[in-house]
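Below is one structure, written out as structure tokens; the observations come after it.
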Number of protein chains: 2
Amino acid sequence: MKSYRVGIVGATGAVGQEMLNVLGNRNFPVKELRLFASARSAGKKIKFKGKDIVVEELTKEFYKGLDIALFSAGGNISKEFAPIAAQNGVVVIDNSSAFRMDDNVPLVVPEVNPEDIKKHKGIIANPNCSTIQMCVALWPIHKEFGIKRLLVSTYQAASGAGAKGMQELLDQTKAFVEGKEIPIDKFVHQLLFNVIPHIDEFTDNGFTKEELKMINETRKIFHDNEIKISATTVRVPVLRAHSESINLELEKKSTSKEIRELLRESEGVKVIDNPKNNEYPMPIDAAGTYATYVGRIRDDEVFENGISLWVVADQILKGAALNAVQIAELL
Amino acid sequence: MKSYRVGIVGATGAVGQEMLNVLGNRNFPVKELRLFASARSAGKKIKFKGKDIVVEELTKEFYKGLDIALFSAGGNISKEFAPIAAQNGVVVIDNSSAFRMDDNVPLVVPEVNPEDIKKHKGIIANPNCSTIQMCVALWPIHKEFGIKRLLVSTYQAASGAGAKGMQELLDQTKAFVEGKEIPIDKFVHQLLFNVIPHIDEFTDNGFTKEELKMINETRKIFHDNEIKISATTVRVPVLRAHSESINLELEKKSTSKEIRELLRESEGVKVIDNPKNNEYPMPIDAAGTYATYVGRIRDDEVFENGISLWVVADQILKGAALNAVQIAELL
């Protein structure tokens with residue numbers, strides 16, 4: 001069995017750490033693992049399969065001796081370093097938004113469009129976290145019944161803003177209980193006991209970049225520019241795992257029963273839909289797991305062929321690290 | 001100026017307490033105020049305009065000597081005691097769901113359908129909290145542009161489940177920080193750091209009663225059974241004030257600019273829509289205030305005439321106590 005020399009760029013971040021865990025848990029054939037981060041984190045030791053690996057500073061020669069580089073260090077780092085690696089024969093799987101909408105870069109959710117990987121020219125983009133879980137849940141429905149219209153409102157966890165986001169929510173919680181001033185730094189407003197309808201920057205049309213990512217990336221992944229999509233992305237005081245309330249207008253008539261059965265057979269999806277027994281997907285249960293959970297599937301008269309549902313997944317895993325490693329597995 | 005003998009049934013609950021505050025703050029012409037609750041709370045003293053009022057046990061003679069009775073003690077209490085009062089000439093304003101869909105009972109949001117109050121036969125129903133704030137925000141739009149389709153996903157605070165719901169979230173927060181077991185009692189699952197897509201009971205079609213209330217009550221309040229409505233109601237770890245992500249398909253072409261200007265002139269609405277300055281409605285700001293806040297108003301290509309927006313209000317005040325007192329003011 002062939003094994004690979006893998007580099008993780010941004011190894012000390014929330015997603016980088018999970019990339020390491022996922023590589024280990026899924027027994028990815030790693031011949032050599034190298035970890036890169038900023039000068040600040042260089043020298044730090046991180047364990048992989050029981051062995052310490054010393055974090056190296058990211059330099060323009062980092063790619064030497066690598067087969068695959070997993071990037072999760074922000075768009076600017078990707079823009080600067082990913083093309084260097086790609087030009088030198090290293091396959092880059094990039095978790096930033098830098099190349100996602102580039103026509104020369106495949107944007108891949110392995111359960112949806114694995115065949116796009118073949119078209120890569122050195123860089124493959126990992127979609128936005130909220131987009132990935134939505135695509136995993138909706139692709140089987142789109143293939144079978146055709147989605148005409150898709151409306152989504154999200155409930156996104158603090159860790160979507162990285163380890164610091166999660167820490168800020170924990171710090172706010174502690175400060176509240178101790179009667180101290182609530183620290184606000186990573187998020188624009190207090191997140192504890194609040195919801196903030198603002199993720200990433202606002203654009204001129206009133207949508208945030210996060211909302212436009214969900215719209216544009218889904219169309220690219222589905223290879224369908226006809227689907228009408230609306231997204232409202234909202235930060236909620238949850239540590240980990242994003243939830244999504246989704247309404248669909250379908251081309252073909254379907255029933256919630258058919259959709260439920262279809263999704264039960266679908267790759268990467270786990271249906272939890274027994275509401276009378278208080279069973280539906282929740283972030284607290286999804287955190288730390290690999291599946292995309294779907295529940296609250298119901299016929300919805302708001303459209304002639306309407307289906308509404310509720311999707312939850314760990315956005316650091318399926319929404320980032322796991323999806324990237326799945327892409328690497330398909331290479 | 002005429003003044004009234006007012007009774008509050010359920011005076012010790014979260015909404016009952018706020019009814020007392022709102023009567024005082026708005027200088028409602030109270031000649032006499034009497035407070036009723038279960039035997040357990042009888043004898044307790046509650047201050048109103050500096051004077052102690054002793055809580056009385058609710059009995060079948062409670063209505064004697066009253067002009068108006070504000071009920072907020074749950075559907076079963078309303079079903080048993082409201083008709084007795086109404087038959088004896090007392091006007092009941094009922095905050096429970098018991099009579100809302102009764103054809104003989106007006107369901108009133110003062111900013112929307114004040115004229116319905118005249119048709120009352122002794123009982124006037126106060127709508128569901130999530131419904132009220134949505135109606136205040138959407139009525140001006142419906143009048144001007146006609147709403148064909150309305151899709152809403154909610155972010156509802158713990159206090160929607162009463163004072164005990166709010167206390168449970170606080171208790172869970174304290175237990176988490178102290179490393180103790182998280183107490184779960186009022187809500188079916190842990191609410192801290194979680195979101196629960198389940199408010200009120202599930203019905204056979206997979207919607208919850210809360211979701212059906214938003215659909216059916218809005219149609220009744222707007223006197224329009226043609227509007228197609230979908231609702232997904234979700235509990236979030238917020239202490240007070242509900243948020244709503246709303247997508248509209250309108251009959252007539254409009255722009256977000258027109259909608260913004262329209263809402264700025266509308267009764268009960270406060271527009272906070274300056275996203276580039278991080279200004280949009282949030283529950284933490286709305287808590288304890290009377291207005292219905294609207295922001296994130298944007299043109300949405302998901303529909304030919306599409307508008308999306310974000311609505312927040314204190315559901316104990318505008319969603320319950322304030323709305324009830326406003327109805328009383330109109331009598």
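Order of the sequence lines sets the chain letters (A, B, ...), proteins ahead of strands, with each chain counted from 1. Keep in mind it's a predicted model, so treat the numbers as computed, not measured.
Counting only heavy atoms from C-beta outward, the side chains of Met282(B) and Ile196(A) approach each other to under 4.5 Å. At a threshold of 4.5 Å between non-hydrogen side-chain atoms, the residues Phe202(A) and Asn277(B) do not count as touching. The closest side-chain heavy-atom distance from Phe176(B) to Val177(A) is not below 4.5 Å. Between Phe193(A) and Pro283(B), the closest side-chain pair of non-hydrogen atoms is not below 4.5 Å. Side-chain atoms of Ser230(B) and Phe303(A), non-hydrogen and from C-beta on, never get closer than 4.5 Å to each other.
Interface remark: Thr173(A) contributes backbone and side-chain atoms alike to the contact with chain B (heavy atom separation under 4.5 Å). If you measure heavy-atom distances from Asp204(A) to chain B, the contacts under 4.5 Å come from both the backbone and the side chain. Proximity to chain B is limited to the side chain of Val236(A), based on heavy atoms less than 4.5 angstrom apart. Using a 4.5 Å cut-off between heavy atoms, Val238(A) contacts chain B through both its backbone and its side chain. Interface remark: Leu170(A) contributes side-chain atoms only to the contact with chain B (heavy atom separation under 4.5 Å). Looking at Val188(B), the atoms closer than 4.5 Å to chain A (heavy atoms on both sides) all sit in the side chain, from C-beta outward. Only the backbone of Ile229(B) comes within contact range of chain A, with heavy atoms under 4.5 Å apart. Heavy atoms closer than 4.5 Å to chain A are found in the side chain of Ser308(B), but not in its backbone. Heavy-atom distances place no part of Ala286(A) under 4.5 Å from chain B, backbone and side chain included. Residue Ala175(B): no heavy atom, backbone or side chain, is found under 4.5 Å from chain A. Of the two parts of Asp299(B), only the backbone, made up of N, CA, C and O, holds a non-hydrogen atom closer than 4.5 Å to a non-hydrogen atom of chain A.
Between chain B and the options Ser153(A), Gly295(A), Ala158(A), Gly306(A), heavy-atom pairs under 4.5 Å are most frequent for Ser153(A). Looking only at heavy-atom pairs under 4.5 Å with chain A, the residue among Ile215(B), Thr203(B), Val195(B), Leu192(B) that has the most is Val195(B). Ranked by heavy-atom pairs shorter than 4.5 Å toward chain A, the options Leu239(B), Leu169(B), Asp285(B) are led by Leu239(B). Here Val302(A) is the residue among Val234(A), Val312(A), Val302(A) with the most heavy-atom pairs under 4.5 Å with chain B. By number of non-hydrogen pairs under 4.5 angstrom with chain A, the leading residue of Pro275(B), Pro237(B), Pro197(B) is Pro197(B).
Residues that satisfy the side-chain hydrogen bond (donor to acceptor under 3.5 Å, both in side chains) test with Gln172(B), not counting sequence neighbours, are absent from this structure. For Tyr290(B), there are no ring pair (Phe, Tyr, Trp, His ring centres under 6.0 Å) partners, not counting sequence neighbours.
Among the residues in residues 240-263 of chain B, those with a non-hydrogen atom closer than 4.5 angstrom to a non-hydrogen atom of chain A are Ser243(B), Ser245(B), Asn247(B). Applying a 4.5 Å heavy-atom cutoff, the residues of residues 205-212 of chain B that approach chain A are Asn205(B), Gly206(B), Phe207(B), Thr208(B), Glu211(B).
Looking only at atom types and distance, the side chain of Arg298(A) has a donor-acceptor partner in the side chain of Thr232(B) under 3.5 Å away.
For the atom pair CD of Glu178(A) and NZ of Lys174(B), the computed distance is 11.5 Å after rounding to the nearest 0.5 Å.
Crowding of Glu279(A) atom CD: a count of heavy atoms from other residues, nucleotides or ligands under 6.0 Å exceeding 12.
Between the side chain of His189(A) and the backbone N or O of Asn278(B) there is at least one donor-acceptor pair closer than 3.5 Å.
Between Ile284(A) and Asn194(B), the shortest heavy-atom contact is N-OD1, 3.2 Å. The two atoms that bring Tyr155(B) and Thr154(A) nearest to each other are OH-O, 2.8 Å, heavy atoms only.
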